[in-house]
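What follows is a set of notes on a single structure, which appears directly below.
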Amino acid sequence: MTNYKKKNIDIIINHAKVYGFIFKSSEIYNGIKSIYDYGPNGIEMKNNIKNFWWDYMVKYRDNIVGVDTSILMNNKVWDASGHKKNFYEYFIINYYNKKIYILEELLNFILYKINNKNNIKINNIKINNIKIKFLKLFKKKKIKKLNIFFKKKIIKYNLSKILKWDKIKKINLMFKTKINSFKKKEYTYLRPETAQGIFVNFKNIKNSNRMKIPFGIAQIGKSFRNEIISKQFIFRIKEFEQMEMQFFIFPGEEKKWYKYWIKSRLEWHYFLNLGKNKYRIKDHKNLSHYTTFATDIEFKFFDSFKELEGIHFRKDFDLKNHQKLSKKNLKYFDIKSNKKFFPYVIETSLGLDRIFYSIFYSSIKIQKINNKKRIYLKLPFFISPIKIAILPLIKKGKIINISKKIFNNLKYKYYIVYDDKDSIGKRYRRQDAIGTPYCITIDNKSVINKTVTIRNRDTMKQINYKIKNINKYFKKNFDISNFFKKKII
RNA sequence: GCGAUAGUAGUUCAAUAGGUAGAACAUAACCUUGCCAAGGUUAAGGUCACGGGUUCGAUUCCCGUCUUUCGCUCCA
């Protein structure tokens, strides 16, 4: 199973590299852990995903507006948001083997050692008891008690060597950076979530755009987390892009809107047509410091589900804390009820790189034709980096003139390419590999009958079409409003 | 971070039992052809992941580092 999985992930990574979608960052220096770059086709595809999200969330609604806030913010933002206090991973250095362990790992290591000592065997029930007690203390971060707890075990199992450990170390997951080169103490962090940019601008946006509850603020932008465990191609990376929306509501209406946003976000995912059975809804058990209840939309990669998007109820946690610390009034005044209050917040937060990966992963199709492989990307047309390829069959005479004319006519409407190199079969395959939905081929018939052939990527079928009607054809086939016949609030 | 796995051309992979490396496909140019990766000629490409050690000599042996994939874990 692992081999099958590895082989498949290799196909995806290779394809992404060979066709200019994703490269390892600073690859000529052997890269840098868990950071990736987007190539020419990658950025087109990424922009298309962004637009698709933005259109659905902002443009097609009258109660959501967008912002683009800075990555660097006043240090105090991260006090108010709780990230300075709570955004940590816990580690410990074991002096026995000089290795750095996540606490739970060390526990497993110790239990393993206890069980493997020749004369000491403890049964499963005992191991479980130790684990439960350890995790209890660990969760409450009672470090002193943990140390006492293990001292007892040291005496009991004579494991003095193994249990020589340093104090527990907290490592903040935010990237610290200097903001004023001359003042040593002035530092801030690269934002670990885009949401805070929205909260600190709440007042500005509410006032400048005369927003009335319920309303939302959307943002697409980079976030940074110095994750210790960050692997799986672009699934878990240290510099990533989020597509977030904070929806401000009347307190008491949270259940209604929470349900609504789960449904609405799922609908967006279904528009991508990757297969409804690939998605799963899962309620969060371990809540992060800012959420009260939370749901994940998960996607099936290979044979396991992984989180794409989180829908969180943040209550009034952020605005309340920002008001407390900034001493600025961030309350909302409702004229109907004549009351001032902190609006509650439902957040939808989607990982752009993750949705990119999910689309790319599920679009790669391998087909056998005449005993040869055909690899094509079955992307939705509005996600494809290139919409149309213009392919003159022969590089001569009037065929060229007609081809160039068609190219110049279409290039202002869609991102298209012109390719006259190599055999026609090869050119089709090249376009297949990057997911171009249509190829227009111009041949001698085009000169005589004024028609071209339009070839469909998925079916490989070709139709003859009058040159003068080409615009109509693509207008019909590239009409995204067909997707949004359902009413969006 | 821990455990396992791997690192040779753009990609997939060979070879060298220590004597500085080849193929296929891809790429570039030209010729020929013209509807699903056609044929031919030619070219470009690798300090064999990086650093150190042993050796007359290291891609090959040893040590360290970096990076990939999988698992643990966490999240977007």
Side-chain angles (χ1 to χ4, degrees), chain A residues 1-3 5-15 17-20 23-35 87-94 97 99-106 108-109 112 169 171 173 192-195 223 225 227-237 240-244 284 286 288 294 296-297 302 304 306-312 347-355 357 367 369-370 372-376 391-396 399 421-433 439 441-445 453 455 460-462:
Chain A
M1 192 181 80
T2 42
N3 275 341
K5 192 170 174 179
K6 179 165 171 34
K7 206 164 184 185
N8 277 281
I9 201 159
D10 282 349
I11 288 170
I12 290 161
I13 294 169
N14 290 337
H15 198 85
K17 183 179 180 181
V18 171
Y19 291 99
F23 311 124
K24 229 197 272 180
S25 165
S26 34
E27 200 196 67
I28 58 167
Y29 295 104
N30 210 21
I32 174 166
K33 211 177 199 170
S34 305
I35 301 183
F87 207 48
Y88 282 96
E89 287 258 11
Y90 294 86
F91 293 92
I92 187 154
I93 298 166
N94 185 339
N97 56 11
K99 283 182 176 168
I100 301 163
Y101 290 89
I102 296 172
L103 267 182
E104 266 180 86
E105 250 168 38
L106 185 68
N108 287 332
F109 175 79
Y112 173 82
K169 278 184 180 168
I171 294 177
L173 298 179
E193 62 171 11
T194 52
S223 289
R225 290 182 195 175
E227 306 276 3
I228 312 301
I229 304 147
S230 48
K231 281 167 194 175
Q232 297 156 359
F233 194 36
I234 56 167
F235 190 78
R236 196 163 160 80
I237 48 185
F240 61 103
E241 214 159 340
Q242 290 182 305
M243 304 200 285
E244 286 196 330
H284 252 253
N286 302 323
S288 46
D296 290 341
I297 295 176
F302 303 101
S304 60
K306 291 186 169 173
E307 186 189 342
L308 281 186
E309 175 158 12
I311 292 137
H312 310 127
E347 168 192 70
T348 72
S349 178
L350 174 61
L352 176 51
D353 311 274
R354 287 185 178 182
I355 189 80
Y357 187 18
Q367 201 177 34
I369 296 172
N370 303 329
K372 276 179 184 171
K373 261 194 211 168
R374 179 171 93 104
I375 299 181
Y376 67 107
L391 313 174
L393 204 59
I394 309 168
K395 240 194 273 186
K396 278 176 194 164
I399 289 176
K421 236 186 95 24
D422 298 315
S423 72
I424 188 70
K426 241 181 193 180
R427 282 182 268 167
Y428 282 150
R429 289 293 181 279
R430 269 205 292 265
Q431 295 305 325
D432 285 343
C439 292
T441 315
I442 298 96
D443 57 11
N444 276 321
K445 272 188 198 164
T453 46
R455 179 229 191 218
M460 291 171 67
K461 278 183 185 158
Q462 294 174 302

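Quantities reported herein were computed from a predicted structural model and do not represent experimental measurements. Throughout, protein chains are lettered first and strands after them, A, B, ... in sequence-line order, and every chain is numbered starting at 1.
In this structure, of B/rC35, B/rC70, B/rA76, it is B/rA76 that holds the atom nearest to the side chain of A/I237. The side chain of A/K24 has B/rU68 as its nearest neighbour among B/rA37, B/rA76, B/rU68. Set against B/rG71, B/rA76, B/rA37, the side chain of A/E307 has B/rA76 as its closest nucleotide. Residue A/Y101 places its side chain closer to B/rC2 than to any other of B/rC2, B/rA76, B/rC36.
Comparing B/rC61 with B/rU16, their P atoms sit 12 Å apart, to the nearest whole Å. Rounded to whole Å, the C1' atom of B/rU5 lies 16 Å from the corresponding atom of B/rC66. Using atom P as the reference point in both B/rG10 and B/rG45, the two lie 11 Å apart (nearest Å). Nucleotides B/rA37 and B/rA26 have their P atoms positioned 11 Å apart, rounded to a whole Å. When the P atom is used for both B/rA43 and B/rC48, the distance is 24 Å, rounded to whole Å. A gap of 15 Å separates the C1' atoms of B/rU8 and B/rA24, to the nearest Å. Rounded to whole Å, the P atom of B/rC63 lies 15 Å from the corresponding atom of B/rU54. Rounded to whole Å, the separation between the C1' atoms of B/rU55 and B/rC13 comes to 31 Å.
Partners of A/E241 according to the salt bridge (charged side-chain N to carboxylate O under 4.0 Å, His left out) rule, which considers only residues two or more places apart in sequence or in another chain, are A/K46, A/K50. Looking at residues two or more places apart in sequence or on another chain, you find no side-chain hydrogen bond (donor to acceptor under 3.5 Å, both in side chains) involving A/R427. Residues that satisfy the ring pair (Phe, Tyr, Trp, His ring centres under 6.0 Å) test with A/Y357, not counting sequence neighbours, are A/F233, A/F301. Not counting sequence neighbours, the partners of A/S423 by the side-chain contact (heavy atoms from CB on, under 4.5 Å) test are A/K426. For the side-chain hydrogen bond (donor to acceptor under 3.5 Å, both in side chains) test, residues two or more places apart in sequence or in another chain that qualify with A/S349 are A/E244. Applying the salt bridge (charged side-chain N to carboxylate O under 4.0 Å, His left out) test to A/R354 and every residue at least two apart in sequence or in another chain returns nothing. Taking A/T348 as the reference, nothing meets the side-chain hydrogen bond (donor to acceptor under 3.5 Å, both in side chains) condition, with sequence neighbours excluded. Partners of A/K24 under the side-chain hydrogen bond (donor to acceptor under 3.5 Å, both in side chains) rule, at least two apart in sequence or in another chain, do not exist in this structure. For A/D443, the side-chain contact (heavy atoms from CB on, under 4.5 Å) partners at least two apart in sequence or on another chain are A/L393, A/K445, A/S446.
Residue A/I32 is the one, among A/I32 and A/E241, whose nearest nucleotide of RNA chain B lies closer to the 5' end (criterion: closest heavy atom). Along RNA chain B, the nucleotide nearest to A/G31 and the one nearest to A/E309 differ in position, and the one closer to the 5' end is contacted by A/G31.
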Classify every nucleotide of nucleotides 20-34 of chain B by which part a protein heavy atom approaches to under 4.0 Å, writing B for the base, S for the sugar-phosphate alone and - for neither, in 5'-to-3' order.
-> ------SSSS----B
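At least one donor-acceptor pair closer than 3.5 Å links the side chain of A/Q242 to the backbone N or O of A/T194. In this structure, A/R225 contributes its side chain and A/P192 its backbone to a donor-acceptor pair below 3.5 Å.
Going from atom CZ of A/F235 over to atom P of B/rA76 covers 11 Å, rounded to whole Å. One can place CG of A/D10 at 7 Å from C1' of B/rU69, the figure rounded to the nearest angstrom. For the pair A/F302 CZ and B/rU69 P, the computed distance is 11 Å after rounding to whole Å. Rounded to an integer number of Å, the gap from CD1 of A/I9 to P of B/rA6 is 18 Å. To the nearest angstrom, P of B/rU73 lies 12 Å from CD of A/Q232. Note: CZ (A/R455) to P (B/rC36) measures 11 Å, nearest angstrom. Atom pair A/K306:NZ and B/rC75:P shows a separation of 15 Å (rounding to whole Å applied). Straight-line distance from the NZ atom of A/K33 to the P atom of B/rU69: 11 Å, rounded to whole Å.
Residue contacts shown for A/E244 are absent, as no nucleic acid heavy atom lies under 4.0 Å away. Within 4.0 Å (heavy atoms only), A/K373 reaches at least one base atom of the nucleic acid. Among the atoms of the strands shown, base atoms are found under 4.0 Å from some heavy atom of A/Y19. Nucleic acid contact for A/I355: none, since no nucleic acid atom lies under 4.0 Å from a heavy atom of the residue. No contact: A/D296 has no heavy atom under 4.0 Å from any strand. Counting non-hydrogen atoms under 4.0 angstrom, A/T441 reaches a base of the nucleic acid. Within the 4.0 angstrom heavy-atom criterion, base atoms lie near A/T453. Within the nucleic acid shown, A/F233 comes within 4.0 Å of sugar-phosphate atoms alone, with no base atom in reach, counting heavy atoms only.
In this model, no side-chain donor or acceptor of A/D432 finds a partner on the base of B/rC36 within 3.5 Å.
Between A/L308 and A/L350, the shortest heavy-atom distance links the atoms O-CD1, 3.4 Å.
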Could you go through nucleotides 44-50 of chain B and list every protein N or O atom that sits under 3.5 Å from one of its N or O atoms, giving the distance for each pair?
none

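Rounding to the nearest 0.5 angstrom, the gap separating the CD1 atom in A/I399 from the OG1 atom in A/T441 is 11.0 Å.
Residue side chain A/F240 meets the stacking definition with respect to B/rA76: its ring centre sits within less than 5.5 angstrom of the base's six-membered ring centre, and the planes differ by less than 30 degrees.
Base orientation of B/rG71: anti, since the glycosidic angle falls outside 90° of 0.
With contacts defined as side-chain heavy-atom distances shorter than 4.5 Å, the pair A/Q367/A/M460 qualifies. For the pair A/D432/A/I375, no side-chain contact is recorded, criterion being any heavy-atom separation below 4.5 Å from C-beta on.
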Bracket string, RNA chain B, 5' to 3' - pairs by Watson-Crick or G-U geometry under 3.5 Å, | interstrand = ((((.((..((((.....[..)))).(((((.......))))).....(((((..]....))))))).))))....
